[in-house]
Amino acid sequence: MDRYNFKTIEEKWQNLWAKNKTFKTKTDKSKKKFYCLEMFPYPSGKIHMGHVRNYTIGDVLARFKSLQGFNVLHPMGWDSFGMPAENAARQNNLDPKTWTEKNILAMKSQLKKLGLSIDWDREISTCTPEYYKHQQAFFLDLLEKKLVYRKENYVNWDPVDETVLANEQVIDGKGWRSGAAVERKKLSQWFFNISKFSQDLLDGLDNLNSWPNKVKVMQKNWIGKSFGSEINFKVEGDLPVDNIKCFTTRPDTLFGFSFLALSIDHEISKFYSDNNDFLKFKEECSKTGTTEEAIAVGDKIGFKTNLVATNPLNPKHKVPVFFANFVLMDYGFGAVFGCPAHDQRDFDFAKKYKLEIKTVVKPFNENDDFEVKDEAYPGPGILINSNFLNGLEAPDNSVIETIKILEEKKIGKKQINYRLKDWGVSRQRYWGCPIPVAYDEKGNVHPIPKSMLPVKLPENIELKVKGNPLDSQKDWKEITIDGKKLTRETDTLDTFVCSSWYFLRFCSPYENNHGFKEDDINYWMPVDQYIGGVEHAILHLLYSRFFMKAISYNNKNFNLEEPFYGLFTQGMVCHETYKDPDNNWVSPEEIETIDGKKYLKSDKSKMIKVGPSESMSKSKKNTIDPENIILNYGADAARLFILSDSPPEKDVQWSEEGIVSSFKFIQKLWNFNSKILKEIQKDHKKDHDQEVEKFTNKLIKKVTENLENFSYNKIVANLHEMHTFFSKQIENDYTKKTLKKNYKDILILMSPVIPHFANECLEIIQSQNSNKWPTFDQKFIENESVTIVIQINGKKRGLLNLKKDTDEKELLSLVKKDEKLNKYLENKIIKKQIFIKNKIINLII
RNA sequence: GCCCUCGUGGUGAAAUUGGUAGACACAAAGGACUUAAAAUCCUUGCCGCUUGCGGAGUGCCAGUUCGAGUCUGGCCGAGGGCACCA
């Protein structure tokens, strides 16, 4: 038996696919399309197991759909702008462009070794001017549509690196790189008006039936729609202010009103700008306000003003006005109406400042004298102590009724609020897409004319300066448009902008004048199946959905509602963690197993502690390098193993034993292939064709269904079953023709998962051309005999193998003839019998 | 605190519309082949007794049903998301 030489065979097929451009896609409107896309990678320089899993899942689908006759678009590109390039460049004295290009080459060759069916002619890279010039054009379009604007906003400012940090880059109130305490700073920033589409983005979720529910729920919560009312409170006091607006979801609890709380950034705060006590209070607020958790568990603190607010439903009722640390400026109107009895946060605040706590809702099962004591009651019930609102059912009914009254009295009106905030896209960094605008001396914005695009990034720049390197590029910054001397915007776009439309670019990657051709978009979009990690559930997926709506906005030529028809989020790749006796993390390569126990290779006296299996990460040293795996076991074995055992949406445990077993299985299949080849040479007279036809047709049905449902782990099991079945049956006699036909179908079933192996075998049996996904024949699926479960009092007591459609009477007589079964029935009266044809009989005695 | 998802052998997991629980694989133990090892193949899997069979059994407690891993209610546990959103 010869060894399966995966090295030569995999290389042979990869070269052939490249030479023949097997996976090149054309826009062919006569064919049904299938757009299969995996989230494109950041070119870090090396692929990791997460990539292997992501791209294997996508490749299985792309190959399957292609064999089914679809015109498949399966492209790949690079999300190549971003900070790591800038950081690496600083460390290695290499410019980000060179570093990135080098990484792309390295990763591309690694991906190719996986044998992916990708149309590499459509490769794109977001850091090239050919890509980002279109992005700049989109920016200008959105500017014209007023979907982009500039505003002052608070940002996380790192005073050492002189740059803005994203929220996730602030760890415990400190910059992740510099370690400096992050400051709140007001800066002029560019914003995409994503909140304009809040309702559309929310409504669109209802139609995304092929998205995981989890992701839809996350987006729904993120958009955070709430229904309530805006109320205008009259205020009196020593300031030139006579009313304050609030948003509330519970106007029905107005009779429980006991204070008004304002954000420290509320416009009224301007009257306190020279009040030392207020400034002190403000500082205290910012201290607790660094981490989210500290905010949540932190004390509620307030600063009392001399203002008094009037209850609009009861003008005699006046309450104090506070500034409070828990009120956010960018939600509602930066002012909250406090009803302590029915909101825990208001309750805490009222306790601390000894404010009135008046109960106005009682639970359904309580009496009218119900009183809130130790904690607020936010639940449903009946309104009490509320004058003309008494007796209303809260909250649904009472809120609507109260709003009606407020609207009649012109005190307030119905209002819907969203938590979704506009998307700040300015980044004070070099390695990103330049924002195509300039400013005059007065700071007025001048868009760069489209004819002057792209605004290219300057090369050979000094990165070791503090802050944004573009700021110090005088030559680049100065520009003359229509004779006017202007200064360029030095901020670049958030890299999430690049990934918000790359799937459109893949449809027309060679189009020079526009980001895409409408013709191509209308054919290819939406992406039929998008595959990637769940960590992008909100940001990337929401931004992309927004981008489609933004470019479709006021556009007559096309209207794309949603970019991704189907979404699949795969689980992570995990591995056991190891520590040496000194509690240092140890990588799997440094370990040797002796008699089932693990020791350090370099010092065999040191035993290794095995920790739980966790998602692969460099910090825990539990990563496995895909390159080594492919080198030692081959791409097919790697693909097979990463799909085995765990369903693709769940985490998978990587193990040495697992990859070895996949590797061995391919060898078994190779041996099996040799056996079949011998059998095909003979032409037998005896005929077991029916059995093999039946098995194959059932296999086709199962594998096809499992592919449609992303049950890829079950396909691997199906292949094992196939091997076991044929190993037992091969000595039987089949006609040459049947065996060959069925074997060919089986090889096609294997080919999405282990394409190199399957194509090699198909070639050997001279059948690599015109391969189509096999279909099954119903007549082989149905059995003429069935196994019937015999239950007595609901307990399984035996099985009978009978002719299909045996009726109840005959079955019962057979049960009685069966010695084992009948012993349960002797001297008993059958009280009741339940019979389901071809399935079960349950006898109650 | 709120929202979502999930609890099945030593492990990863299978189980159409409620109808044979544990397919397939990993690990372990025992066996076969072999001078031996590797490789390969077979058996076992929780409790009880003798092969064979019987019993319990899908996180826990109830319920619906002839029949529940699957449906309903309550509880416990794990993972993920959000977090002063008024």
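Quick note: numbers below take in every heavy atom, side chains included, and nothing from hydrogens, waters or symmetry partners. To find a chain, count down the sequence lines: A is the first, B the second, and so on, and within it residues start at 1.
If you check distances only, the side chain of A/K839 does reach the base of B/U17 with a donor-acceptor pair under 3.5 Å. Taking only distance into account, the side chain of A/K300 meets the base of B/C84 through a donor-acceptor pair shorter than 3.5 Å. Donor-acceptor pairing under 3.5 Å, judged by distance alone, is present between the side chain of A/R345 and the base of B/A86. Between the base of B/G19 and the side chain of A/Q791 there is a donor-acceptor pair shorter than 3.5 Å.
Under the Watson-Crick or G-U wobble criterion, with both distances below 3.5 Å, B/C41 is paired with B/G31. Using N1 to N3 plus N6-O4 or O6-N4 for Watson-Crick, or N1-O2 and O6-N3 for G-U wobble, each under 3.5 Å, B/G79 pairs with B/C4. B/C26 is paired with B/G10 under the Watson-Crick or G-U wobble criterion, all donor-acceptor distances under 3.5 Å. The partner of B/C49 is B/G52, judged by Watson-Crick or G-U wobble contacts that both fall below 3.5 Å. Look at B/C85: it lacks any Watson-Crick or wobble partner with both distances under 3.5 angstrom.
Atom P of nucleotide B/G12 and atom CD of A/E656 are separated by 20 Å, given to the nearest angstrom. For the pair A/K796 NZ and B/A15 C1', the computed distance is 14 Å after rounding to whole Å. One interatomic measurement links the two molecules: CG of A/N213 to C1' of B/G80, which rounds to 14 Å at whole-angstrom precision. When the P atom of B/A86 is taken as reference, atom CZ of A/F323 falls 22 Å away, rounded to whole Å. In this structure, the NZ atom of A/K220 is 12 Å from the P atom of B/U5, given to the nearest Å. One interatomic measurement links the two molecules: NZ of A/K650 to P of B/A25, which rounds to 19 Å at whole-angstrom precision. Rounded to whole Å, the distance from CD1 on A/I223 to P on B/G81 is 19 Å. Rounded to whole Å, the distance from CD1 on A/I834 to P on B/C66 is 7 Å.
Between B/C82, B/U40, B/A86, one nucleotide has an atom nearer to the side chain of A/L328 than all others, and that is B/A86. Closest to the A/S646 side chain, of the nucleotides B/C24, B/U5, B/G12, is B/G12. When the nucleotides B/A23, B/C41, B/A86 are ranked by their closest atom to the side chain of A/Y331, B/A86 comes out on top. Checked against B/C82, B/G54, B/C4, the side chain of A/R797 finds its nearest nucleotide in B/G54. Here B/A56 is the nucleotide among B/A56, B/C26, B/A13 with the atom lying nearest to any side-chain atom of A/K795. For A/K214, counting side-chain heavy atoms from C-beta on, the closest listed nucleotide (B/C84, B/G19, B/C4) is B/C4.
Looking at heavy-atom distances under 4.0 Å, A/K216 makes no contact with the nucleic acid at all. When heavy atoms are screened at a 4.0 angstrom cut-off, A/S644 is found touching no nucleic acid atom at all. In this structure, A/N221 reaches the sugar-phosphate backbone alone: every heavy-atom distance under 4.0 Å involves primed, P, OP1 or OP2 atoms, never a base. Within the nucleic acid shown, A/F347 has no heavy atom closer than 4.0 Å to any nucleic acid atom. Nucleic acid contact for A/V327: base, since at least one base atom lies under 4.0 Å from a heavy atom of the residue.
The aromatic rings of A/F233 and A/F257 sit tilted relative to each other, their planes meeting at an angle between 30° and 60°. Using the six-membered ring where Trp is involved, A/F349 and A/Y353 have ring planes that are tilted, between 30° and 60° apart. The aromatic rings of A/F641 and A/W654 stand perpendicular to each other, their planes meeting at an angle above 60°, with 30° marking the opposite boundary. Classification of the A/F322-A/F259 ring pair by plane angle, with boundaries at 30° and 60°, yields perpendicular. Using bins of under 30°, 30° to 60° and over 60° for the plane-to-plane angle, the ring pair A/H536/A/H540 lands in the perpendicular bin.
Within the structure, a side-chain polar atom (N or O) of A/K714 is placed less than 4.0 Å from OP1 or OP2 of B/A15. Contact check, A/Y712 against B/A13: no side-chain N or O comes under 4.0 Å of OP1 or OP2. At least one side-chain nitrogen or oxygen of A/N713 sits closer than 4.0 Å to the OP1 or OP2 atom of B/A14. Within the structure, a side-chain polar atom (N or O) of A/S661 is placed less than 4.0 Å from OP1 or OP2 of B/C26. Between A/S226 and B/A86 there is a side-chain polar atom (N or O) within less than 4.0 angstrom of OP1 or OP2.
The C1' atoms of B/G59 and B/G67 are separated by 23 Å, rounded to the nearest whole Å.
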Test side-chain contact (heavy atoms from CB on, under 4.5 Å) on A/L567 and A/L208 and set out the steps. CA-CA 9 Å; A/L567 174 70; A/L208 296 174; over 6 Å; no
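By the 6.0 Å contact criterion, NZ on A/K837 is open, its count of non-hydrogen atoms from other residues, nucleotides or ligands being 12 or less.
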